[in-house]
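What follows is one structure encoded as structure tokens, with my remarks underneath.
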Amino acid sequence: MIFEYQLSAKREDFYDITAQVSEAVAKSDVQDGAAVVYCPHTTAGITINEDADPDVVRDLLFALSKTYPDRPEFRHMEGNSAAHLKASVIGSSVTVIIRGGRLLLGTWQGIYFCEFDPPRSRKYYVKILRA
Ligand code: ZN
């Protein structure tokens, strides 16, 4: 069972998609399995991190931009190599265990769609696997 979601990413940010992924799990009625959350873009990614303190995401964005700044040596003619680099570092998917019909996330964990080359109309997929 696969679900497709749209996202309007207006700025470089981490967009919390935990509620949408939980909704896909509920619609699937799968009790034991896994949810694969996948981003089909080359300048965006998917990750899991803290969703309690918004300063965590702020610090991650700050550190990613400091670590992977745009550089004059980059050759890619679209001019967004820093965004491609951040997307590869973050990765394009996560897998979360489903137990008892719910995502087996830690207390402080949320699932994020990570936009690195805004503004963009994006999509992501949630594939629900039955164990
Ligand atoms: Zn590019």
Side-chain angles (χ1 to χ4, degrees):
M1 197 171 309
I2 189 163
F3 299 86
E4 179 178 333
Y5 292 91
Q6 311 290 327
L7 188 150
S8 176
K10 294 183 169 49
R11 61 182 188 282
E12 183 163 351
D13 207 344
F14 284 21
Y15 295 83
D16 193 333
I17 58 170
T18 311
Q20 288 77 15
V21 180
S22 294
E23 173 195 285
V25 172
K27 282 182 181 171
S28 75
D29 206 30
V30 167
Q31 295 300 305
D32 289 288
V36 178
V37 185
Y38 174 71
C39 162
H41 304 291
T42 59
T43 55
I46 304 284
T47 196
I48 293 174
N49 216 300
E50 176 168 337
D51 69 356
D53 179 1
D55 278 343
V56 172
V57 163
R58 182 217 158 269
D59 290 351
L60 291 174
L61 286 163
F62 169 79
L64 282 167
S65 290
K66 285 289 182 188
T67 308
Y68 307 108
D70 193 21
R71 300 185 59 92
E73 296 89 348
F74 286 156
R75 292 186 173 182
H76 176 44
M77 64 186 210
E78 194 184 7
N80 61 352
S81 284
H84 286 289
L85 188 49
K86 292 173 195 172
S88 270
V89 167
I90 289 293
S92 57
S93 70
V94 297
T95 303
V96 183
I97 294 168
I98 298 167
R99 187 175 68 187
R102 298 170 58 99
L103 293 168
L104 192 55
L105 289 169
T107 303
W108 309 109
Q109 287 184 316
I111 305 168
Y112 288 101
F113 183 100
C114 309
E115 176 59 56
F116 298 116
D117 195 25
R120 302 266 185 178
S121 291
R122 300 297 203 178
K123 63 184 170 187
Y124 57 94
Y125 299 102
V126 180
K127 173 73 177 176
I128 307 295
L129 305 165
R130 196 180 301 271

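Keep in mind that the numbers below use all heavy atoms, side chains included, and drop hydrogens, waters and symmetry copies. One-based numbering, in listed order, for ligands and for the atoms of each.
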Strictly under 2.8 Å, is the Zn ion (ligand 1) approached by any N, O or S atom of Asn80? yes
Side chains of Arg122 and Thr43: closer than 4.5 Å at any heavy-atom pair? yes
His84 NE2 to His76 NE2 via the Zn ion (ligand 1), rounded to 10°, gives 100°
Spatial distance of atom NE2 (His41) from atom NZ (Lys123) [nearest 0.5 Å]: 6.5 Å
Joint hydrophobic cluster, Tyr112 plus Ile46, side-chain heavy atoms closer than 4.5 Å: no
Mutual orientation of the aromatic rings belonging to Phe113 and Tyr124 [parallel < 30°, tilted 30-60°, perpendicular > 60°]: tilted
Name of the Glu78 N, O or S atom nearest the Zn ion (ligand 1)? OE1
